[in-house]
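Order of the sequence lines sets the chain letters (A, B, ...), proteins ahead of strands, with each chain counted from 1. The figures that follow rest on heavy atoms only: side chains count, while hydrogens, waters and symmetry mates do not.
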4 protein chains.
Amino acid sequence: MPKVSDAHLAARRDQILAAAARCFARDGFHRTSMQDIVRESGISAGLVYRYFAGKDDMIVAIVTEWHDQRRAPFRADDLIGNYLGLLRSIGDPGRRDDLRLGVQVWAEALRSSQILDLVRSGADGPRADAARALHGMTDLDPDALARVFVAIYQGLVLQTAWDETVDNAAVVDAVAAIVARLLPDSAGEELQ
Amino acid sequence: MPKVSDAHLAARRDQILAAAARCFARDGFHRTSMQDIVRESGISAGLVYRYFAGKDDMIVAIVTEWHDQRRAPFRADDLIGNYLGLLRSIGDPGRRDDLRLGVQVWAEALRSSQILDLVRSGADGPRADAARALHGMTDLDPDALARVFVAIYQGLVLQTAWDETVDNAAVVDAVAAIVARLLPDSAGEELQ
Amino acid sequence: MPKVSDAHLAARRDQILAAAARCFARDGFHRTSMQDIVRESGISAGLVYRYFAGKDDMIVAIVTEWHDQRRAPFRADDLIGNYLGLLRSIGDPGRRDDLRLGVQVWAEALRSSQILDLVRSGADGPRADAARALHGMTDLDPDALARVFVAIYQGLVLQTAWDETVDNAAVVDAVAAIVARLLPDSAGEELQ
Amino acid sequence: MPKVSDAHLAARRDQILAAAARCFARDGFHRTSMQDIVRESGISAGLVYRYFAGKDDMIVAIVTEWHDQRRAPFRADDLIGNYLGLLRSIGDPGRRDDLRLGVQVWAEALRSSQILDLVRSGADGPRADAARALHGMTDLDPDALARVFVAIYQGLVLQTAWDETVDNAAVVDAVAAIVARLLPDSAGEELQ
DNA sequence: AATGAATGAGGATTCATTCAT
DNA sequence: TATGAATGAATCCTCATTCAT
């Protein structure tokens with residue numbers, strides 16, 4: 001009976017992960033010490049290790065969660081609308097830490113094949129979906145075009161992480177206009 | 001006191017920076033120890049500290065150099081040609097470490113305002129130049145459009161750093177086609 | 001408050017001690033964590049502390065029990081037979097952990113005066129008994145001879161703990177022969 | 001040129017090993033912290049790790065050195081004299097820590113196969129030599145007899161480690177007398 | 001100029017023990 | 001009685017940096 005509820009366990013885990021995410025977003029993975037996370041989470045060092053085998057394990061958990069939250073777009077039927085919505089969400093002030101964390105994850109993927117696999121599995125699927133959808137909508141290479149759209153997303157994340165004053169709406173409008181000219185047929189039905 | 005030539009000093013400095021760049025590209029800034037750099041450079045620890053005040057100073061030097069090498073494009077008169085050339089250079093296998101280092105720098109810019117300033121000063125100028133040049137070439141917002149082109153560059157760097165098998169030529173072709181449709185007037189004179 | 005029977009309490013205690021003995025025999029006292037014992041015993045950490053004040057207390061309990069089981073020989077009237085039986089028991093495969101634990105106890109006795117007292121009180125009495133019995137049976141110094149016989153026992157324990165393939169029977173035969181030559185009068189009546 | 005002499009390096013290493021040996025003899029391997037060794041040696045933590053890869057490596061070095069110092073006896077032509085000299089040396093007050101360390105090593109050999117190999121390789125050779133030499137000197141099983149003599153040595157080490165008041169001379173005399181009766185032919189030439 | 005030995009604070013992780021349930 | 005979540009001091013080890021040579 002001292003065994004606490006699963007909800008409590010899950011909440012604790014989230015508490016640690018949230019604190020870790022804040023730390024990682026602020027200082028990067030390898031300038032964040034476990035003590036930092038302990039302080040930020042208000043949970044003792046020993047307990048953190050009951051939830052995560054170590055720092056690396058926590059990083060993997062963070063990245064996994066990060067990607068789980070970002071799966072939706074690129075998939076649905078309203079591809080372009082979803083994409084533009086995704087771009088728009090980059091401008092949400094509440095997502096600042098999210099963007100920063102994302103950039104740290106990108107860098108970490110270059111060091112850790114495990115992280116790279118997570119990042120790729122989160123990006124390759126949607127990109128392939130997008131490429132498939134682009135078939136027939138344009139005479140340009142659909143795979144290349146999908147890469148370009150992903151690149152725009154990534155670059156905008158980066159620029160916004162660096163500088164929150166980026167005029168997101170203007171960029172989204174520009175991208176929408178580009179899309180409209182590249183895929184004129186889709187404009188009527190798919191643009192929001 | 002055997003005073004050595006300035007050329008010798010500069011060569012030493014480059015030797016250290018080159019070794020550091022390899023280490024940083026491989027392991028990131030904060031998973032690279034000074035010992036790693038000492039080993040990789042073949043230069044003693046003590047001497048490294050006569051060229052650089054510390055690790056942070058070395059990171060700044062690396063980033064400064066990294067941006068100095070990337071200044072040219074976006075400036076010249078043949079803006080679009082330069083841009084596409086820049087994109088194309090991402091596919092150069094010899095630049096792999098460069099791309100990886102770049103991604104690490106992006107992440108580090110989120111931690112260090114000094115690095116952020118360097119990164120911004122390296123990006124803002126060209127982007128402003130580009131925006132100015134785009135004035136009159138299109139009815140889209142030039143600033144937003146410039147951001148989009150920078151984003152494409154950044155995203156392509158990231159995707160290529162993760163996966164060297166990216167079909168760079170196809171992406172460059174797609175971007176060229178996009179540019180041609182967005183800026184039809186410029187096509188004749190500026191596209192390579 | 002569900003007061004349980006004394007038998008239950010004793011069984012619990014033995015369950016913990018048996019698990020601890022296995023752990024200690026395998027890893028030594030100070031490379032065995034309380035968690036190891038918790039795992040091995042299947043009893044919760046909290047409960048372990050209701051039976052033992054702490055790890056040191058458990059070690060004392062283990063050593064006490066270990067010596068209680070080893071008191072018989074050297075005392076009885078058939079001194080030599082008992083001694084040889086004791087040597088023979090070292091070869092019993094079922095006592096492997098016992099031997100290993102014994103060696104750990106010997107080492108621990110060098111650290112803890114409490115353990116040393118236990119070990120000595122377990123050894124000094126029998127040795128004195130043996131010395132007394134040897135009086136008149138030999139012209140050698142009885143105390144020294146008793147020490148030699150104890151040493152043979154200890155060394156054989158050690159060698160067998162290290163290497164279970166030791167030919168115990170051959171060693172016991174050799175010791176019996178030595179005894180027979182040293183104490184010829186006793187041979188007829190006392191050797192098994 | 002800041003590279004110090006090999007003699008200095010060796011002296012440093014010995015300084016650390018000597019301090020470690022004192023600590024290990026006092027507290028055992030796993031109750032001695034690296035900080036203890038740092039304090040005892042007067043050498044900084046970082047430097048210790050330039051000489052030894054870690055605690056385990058230091059233990060191995062200690063055990064290796066310990067056995068190197070104990071190789072001589074059992075080998076020479078004057079087997080019995082050497083053996084008795086070895087027993088006698090156990091009583092040397094200056095070797096107290098040595099004995100204590102030895103007992104810790106015996107216990108550690110049960111945990112670490114690397115230590116066990118060292119211990120065995122230090123003991124098996126001499127024992128085999130002794131057994132060979134005993135062939136023809138007695139009608140008892142030479143291998144078993146060799147084991148008994150080794151056991152006497154080990155047991156005497158243990159008893160002396162526990163209690164420095166053991167009357168070593170009396171025990172050595174007793175053992176000499178036993179040897180004289182078991183191996184009467186050898187008495188004249190080999191006993192000291 | 002150049003070396004690399006030396007430092008000690010700081011890093012991740014484990015552990016004996018306690019306590020709310 | 002019994003649980004196991006929770007603690008935080010202590011452990012092993014690494015690292016940026018300095019300094020005698």
**Q** Let me have DNA chain E in dot-bracket notation, would you? Count Watson-Crick plus G-U wobble pairs, both distances under 3.5 Å, and use [ ] for pairs crossing earlier ones and | for inter-strand partners.
**A** .||||||||||||||||||||
**Q** Answer yes or no: is there an ion pair linking B/E40 with B/R26, defined by an N-O contact shorter than 4.0 Å?
**A**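 Salt bridge flag = yes for B/R26 with B/E40.
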**Q** Do the side chains of D/R39 and D/D36 get close enough for a salt bridge, i.e. N-O under 4.0 angstrom?
**A**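 D/D36 and D/R39: salt-bridged.
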**Q** Taking only residues two or more places apart in sequence or in another chain, which ones pass salt bridge (Lys or Arg N to Asp or Glu O under 4.0 Å) with C/R12?
**A**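 Salt bridge (Lys or Arg N to Asp or Glu O under 4.0 Å) list for C/R12, sorted by chain: empty.
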**Q** Base, backbone or nothing for each nucleotide of nucleotides 12-17 of chain F, written B, S, -, heavy atoms under 4.0 angstrom, 5' to 3'?
**A** SBBBSB
**Q** I want to verify a distance call: between F/dA2, E/dA2, F/dT1, whose nearest atom is closest to the B/S44 side chain?
**A**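 So the nucleotide nearest the side chain must be E/dA2.
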**Q** Classify B/Y51 by what it touches in the nucleic acid, base, sugar-phosphate, or nothing, heavy-atom distance under 4.0 Å.
**A**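 It contacts sugar-phosphate atoms only.
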**Q** Would you kindly give the CZ-to-C1' distance between D/R39 and F/dA10, to the nearest whole Å?
**A**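 From D/R39 CZ to F/dA10 C1': 11 Å.
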**Q** Using side-chain heavy atoms (C-beta onward) and a distance below 4.5 Å, is D/V103 in contact with D/L99?
**A**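 D/V103 vs D/L99: side chains apart.
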**Q** Rounded to the nearest angstrom, tell me the gap between atom CD in C/Q15 and atom C1' in F/dA2.
**A**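 From C/Q15 CD to F/dA2 C1': 13 Å.
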**Q** Which is more 5' along DNA chain F, the nucleotide nearest A/I43 or the one nearest C/R50? Just name the residue.
**A**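 Taking each residue's closest nucleotide, the earlier one in sequence belongs to C/R50.
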**Q** Reckon B/H8 has a side-chain N or O less than 4.0 Å from the OP1 or OP2 of E/dA2?
**A**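 Yes.
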**Q** Can you tell me if the side-chain N/O atoms of A/R12 get under 4.0 Å from OP1 or OP2 in F/dA6?
**A**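 Looking at the OP1 and OP2 atoms of F/dA6, one of them is under 4.0 Å from a side-chain N or O of A/R12.
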**Q** Determine whether a donor-acceptor pair (N or O, by modelled atom type, separation under 3.5 Å) exists between the side chain of B/S41 and the backbone of B/Q15.
**A**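 Looks like no, no N/O pair under 3.5 Å.
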**Q** Is a donor on one side and an acceptor on the other found under 3.5 Å between the side chain of D/S121 and the backbone of D/D117?
**A**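 Yes; judged by distance alone, with no hydrogens or angles, the pair exists.
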